[in-house]
Amino acid sequence: MLPPAQVSIMAVQFTIPLAFKDLLQSGGVGQYVVQEVLPVQQLPKELHAYKAAFRSQGPKCVLQHFDSLYSIIYHFRSVDVALKEDLLEHLVKANSQHASELPSVLEDLSLATAERNLHLNTLKMNCFLLLHLVEAFEVETYQAALGNVEPSGKGRKAKSKTDGFVWENERENVLQTITHLLQLDIRRLWSMSLIEEEFISMVTGCCYKMMENPSIGALKNKSLWEALSHLLGVAVKRSNDTLSVSVKVIQLLQHFEHLAPVLVHAVTLWATEYGMKSLVGEIMRKIGQKSCQDLSRESSAVKTLYTFITQLSEKIPAIMMPNISVLLDYLDGEPYMMRNAVLTVIGEAVVRILSGDNLNELEKKTRDNFLDTLQEHIHDVNVYVRSCVLQIYNRIVQEKALPLSRFQSVVTLVVGRLFDKSVKVCKNAIQVLASFLANNPFTCKLSSADLKSPLEKETKMLKELRDKERVKPPVVIISAQEEWEAMLPEVQATLDALEQEDIEEGDESIEVVDSPQKLCEHILSLLKNVSYKNAIRMVKKGKALFPEDPLFSVDQEETSILEKIFTDKDIESTNQVTEVASEQSEEQKSELNKQEMLVQYLTDAHHFAVKIEEAIDIISKMMYEAASSVVQEVIEFFVTVSQFGVPQAVIGVRRMLPLVWSKEPGVRDAVVGAYRQLYLCASSEPERVKAQNLIRNLSLLMVDSSAGVIQSLEEIVLEFVQKGEIRPSVTQLLWEKFTLKVPCSDIERRAAVMMLGMMSRGQPEIVLSNLETLVTVGLGQDAQKDYQLAREVCNCILKITGGQKSTLEKKPPPPRLARDHCLFQNLTEVVVGGITQQSLHWLTFKETAIKLVYELGEEPEEISADILHKCSQQVLQELNSQGEAATVPAFLLAHLLSLAGDVALQLVVHLECTVSAELRRRRVLKEEQEAEKLGKNKQRKSKANESMDEDLGLVGASADDTEAELIQQVCDKELLNGQQYLSAFLPLVLRVCKNSGKYNDPALCTAATLALTKFMMISSDFCDSHLRLIFTLLEKSPLPGVRLNIMIALGDLSIRFPNLIEPWTPHLYARLRDESREVRRTSAIVMTHLILKDMVKVKGQVSEMAVLLIDSDQEIASLAKNFFTELSNKGNAVYNLLPDIISRLSDPDCGVEEESFHTIMRHLLSYITKDKQTESLIEKMCHRFRTARTERQWRDLAHCLSLLPFSEKGLCKMQDCFDCYGDKLSDEAVYKSFLTVIGKMRRGAKPELKAQIDEFEHKLNVCHNKGLENMDVPGETIQNGDVPLTVKNPPGKRRPLKSVNRAAKASEDSEFRTPKSRVSRKNVKKVTVTFSSDEESDYEAELSEADTPKNTTPIRRTSTRSRAR
């Protein structure tokens, strides 16, 4: 028996309301209505009663206690947490228990209507309460999360929760319970066996509400995604309403960014496990119906749709591919992210579905169409689309899904993208090329040179096969019947002749045969051999022997039998011949096809290798011009290229070496990692083999490398040594090569010494423990045969002193070797012995040797003096041996002067660094010892004074100055005073320098000039007295080597004696226009260092550096670009210099050509990025029009204005200064430049600004068309009340320059004024340089008449000229 309450409610139908509170309102007849919402105080008691009823009645007890449970949810915010927890727990139990009871009920076919309604109401009520309780928990959790976010939004404060209950942990259990219920065949509970729509909507609505919580998008909630997806899948499957679900999915995607991965998971589950593939198509159609204009206004929605489409294509590409057509319209739309989404779907389809060799014709056609679409968008206008296409191609290539026939076209396109202006695109293009290399189907060693030879060979063979096939004569086959007809008359005649002869004749000669087949074969043989008589006899014999055979029957005539035998058997043989010929033809065709395939393969491989080599050349130039992320990709690319044996890879690997000094994060590590991967990668080879490979590869890098590259390689080797990554076997093999225990070439031997020196920086004991070996082998008797090896040995020994810097510490200086050490004895012998040898390598060796003497010798000045003395004696002996001629070879004198210069320079370095440091060390040590002797009382008294000195930075400063002055005094007064050995060489050095016409040997002049500059490094007095001579040589010497070396030396002199060099700065800038490429290059490097280190004042002459931007030599132009890039990082340096640069470059007397001016200014003005700087330049340039002297200067200024970025303030500045340039608009070029400015301002301008731009354009047009004087004519008034402009001068005539200057504003920047003619000022002393005239060849400005050589050599003075060409 059912309780009375249950019996009464069986007659009532529980209708699911649209809103939770609708149950409080009276519905239709027979509908359940909540009678009363109980107060909060009664709810614990009512819940206790429900729990008791649940234990006794089960889930059906909800029929009596619905109102009390409804009241708890109604007062959800007010009730206790424990009460909510109990209600959730029992509702879950009720639904779970009901789910276990329902299967037996649903299987009962005789279920009464009342019982069915009872279970239906129980199901609805329990689900209604549970789902609305879930929604209440979700709302509370979401609001609590919002309340816990700090104002900054950077963190959340965790609220205290009841121990044991966390709603986030209960969600999954609740969803699984409802899912279990829906998986039952509950539709039988409804009268029409169809679940009502409101019930499904209640379930799905709860799921959608739960999805709206942003926390659900976290990856840690993936199990919750699974539960939600299954519940929604079951609900949608039961309702079979995919249309409403697709609409809801689109709505969720548009409003909630976090739901893209959640819905991807759900849709994938519905399509694969629940068979709702049509739902995917419905969703895609809904997305495809969105207009591009609407999506352009919803950036967040576009981003979410992009994520949804791309991730869904990765999960179910086979289901997505048929629906691509509804999305193709987005490829022509504005939102670039939708283009990326469609292209990603296409890429997934190509990789996952349309790859492999088993595709049918339709699939191949679809794949080709997809690939064509990708190729079209590799040139898309949007950077991100181009980048996306390259990423897709990268994946296609990695998955080996790209057909071989498309390799050539795709590689060509990707190489073209290396020139893209976007760093992101370039980076992805490099990645694609690296993937092409790593996954190429051709060969593991790609070299166009190696592939060219076999390609030519196989192409030649293919041509021969084709020619053979083409010239093959056609085979004429005569049928057997035609041949018989030709034979028949003769056969008939023979037959007639035999009939008249005695038949018995010849019987004995007829062979006996035992079968008709053999007889036929014999007859056929006789016919072919034209033995007709015997053939006829054999036929007659056959008729006698085989009368029962149809062929030899008595009724048959002999000719008929012969015809059948001949035609039938010959047809068989003809068929055999035809078959053989056909087989031969097929073999030839097969061979031809194979050869064509081989040639095509080699052609593709060769083209691929050529394109890769072309890309290498482009990518190697990107190492120093692109962002750090691109640089890292370039480095990885060259690692890949090297592994495939491309010869040009060495260029890139060597080029990346200087990047080891990069300050960009990650770049240095990338370089070191690349070399580690290339040269230290682990392998299974023996240690000896690995050591040989490492040494060979590093030696290849050092061949013909510059000093900078070798120094960079040394830094990498140092890191390997410090980390213990270079094995002892490498060191052992290097020593064996050096000592020739292992046979090797001279280059390999020198490379071994260089590597030993590199390694000794990290482990000095490598050299220290084998110093005697180095000296004996490298500087022994054979050293004069190979000065390059001797130089590298000296450099190797120098490495052990490279890290010993002078400091103010008390510790003694590093130990030095005694004067009589074998090292110095051998060095002296090698240097003295080589001075008489005409070897260029001796010069570099003796320079290193002198440096080694001063670094390691105890008395270096004595050792160097001894070397210099012995070398002088050698020269004197050579002079004495000449007899009456009294001349010496020029090279011998050059060697001696070069050696003297090296000794002088190293002596200065020794005094300034080593001696000075030792003096400071001794002084500090002495002060400390004296301080220890003083009592503590005195220390306390002087403590206050010392602290004050420390604050002022005076401690030790005066003592340091004293030591510096002492060293400087020694240099100025003692080293060149006539009593020192160096002063003995000065007359000879000066004589050669002053008499270049007499001593005109290039090597001698260069050595003497260098020696003079090194002597000038010693004494400021000597330097000052000979600067005129040096600058005379710099200006007038016809030898580029002399001018080049003087520029280098003047760079050093500028640092040592800046005040002396400063007045001569214009002459330094003048060398930037030298006719010699090497001199210009060196001058650019020197001036870059001096300017960036603030050793030279940056003046108007910096325009000479700007001219180098258009130099024909790319290296020099690159140096100039780097200079201005570094200069732009020093505050407003470029901005401050622009006035002088523009004035000088546009000057008609000493400027550059107009087109070159445009190129230079385009580069320089790109550094002006600040709005204030731009506005100031606009105003200054406008005022500059008034002082412009020529139309060329008008055009130049207008062009500069057109290059600047304009804002609204910039437009106002131009309008305010309109009277400065209004009269110049009659010039067509000036007018076009201002129109360019108008066009730039219109882009993206607001409506109010466009009106201002239109007004300004009207002004320009009026001035250009009718002239400035017509602006105040009636009918041509200016709009918006602007002050009309008038012109006093007659039309067509430009105002006089003086009147324009007087009309200029007082605030005009003087930097932009055209310089006035200089007024001679009295009582002002200036340093002047007087050069000889062009007719007089020698330097009369420096030399007295007595010393002027009579035999003169004409020297042409370098004239100032434009280098625009």
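All residue numbers in this chain count up from 1 along the given sequence.
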*Would you confirm whether Trp225, through its side chain, and Ile216, through its main-chain N or O, come within 3.5 Å as a donor-acceptor pair?*
yes
*Measure the shortest side-chain to side-chain distance between Gln143 and Arg77 over non-hydrogen atoms and say whether it is less than 4.5 angstrom.*
yes
*Does the side chain of Leu390 reach to within under 4.5 Å of the side chain of Asn394, using non-hydrogen atoms?*
no
_Is it the case that over 12 heavy atoms from other parts of the model lie below 6.0 angstrom from the CD atom of Glu197?_
no
*Using the ring pair (Phe, Tyr, Trp, His ring centres under 6.0 Å) rule, take Phe14 and Phe128 through it: C-alpha gap first, then chi angles, then the decisive distance, then the call.*
CA-CA 10 Å; Phe14 181 81; Phe128 177 84; 5.8 Å; yes
*Got Gln176 and His230 here, is their nearest side-chain heavy-atom distance under 4.5 Å?*
no
*Are Lys84 and Glu140 side-chain neighbours, meaning at least one heavy-atom pair lies under 4.5 Å?*
yes
*Please determine if Arg352 and Glu399 form a salt bridge, counting it only when a charged side-chain N lies under 4.0 Å from a carboxylate O.*
no
_Could you check whether Asn95 and Thr177, counting side-chain N and O atoms only, form a donor-acceptor pair closer than 3.5 Å?_
no
*To the nearest 0.5 angstrom, please state how far the CG atom of Asn340 sits from the CD1 atom of Ile392.*
7.0 Å
*asked:* Is it true that His265 and Glu226 share a donor-acceptor pair across their side chains at a distance under 3.5 Å?
replied: yes
*Determine whether more than 12 heavy atoms belonging to other residues, nucleotides or ligands lie under 6.0 Å from atom OH of Tyr384.*
no
*Does the side chain of Tyr32 pick up a donor-acceptor pair with the side chain of Asp67 at under 3.5 Å?*
yes
_What I'd like to find out is whether the side chain of Ile346 reaches to under 4.5 Å of the side chain of Leu371, using heavy atoms alone._
no
_4.5 Å side-chain heavy-atom contact, Leu374 and Phe370_ = no
*asked:* Please determine whether the number of non-hydrogen atoms from other residues, nucleotides or ligands lying under 6.0 Å from atom NZ of Lys51 exceeds 12.
replied: yes
*Cut-off 3.5 Å, side chains only: do His255 and Gln251 have a donor facing an acceptor?*
no
*Count the heavy atoms of every other residue, nucleotide or ligand shown that sit under 6.0 Å from NZ of Lys290, and state whether that count exceeds 12.*
no
*Is there a donor-acceptor contact under 3.5 Å from the side chain of Asp380 to the main chain of Val385?*
no
*Ion pair Lys222/Glu172, N-O distance below 4.0 Å*: no
*Decide if atom OH of Tyr74 counts as having more than 12 heavy atoms of other residues, nucleotides or ligands within a radius under 6.0 Å.*
no
*Got more than 12 heavy atoms from elsewhere within 6.0 Å of CD, Glu334?*
no
*Partner of Ile287 under side-chain contact (heavy atoms from CB on, under 4.5 Å), chosen from Val249, Leu295, Leu305*: Leu305
*Taking the side chain as every heavy atom from C-beta outward, state whether His377 and Thr373 have any atom pair closer than 4.5 Å.*
yes
*Is any side-chain heavy atom of Val62 closer than 4.5 Å to a side-chain heavy atom of Leu129?*
yes
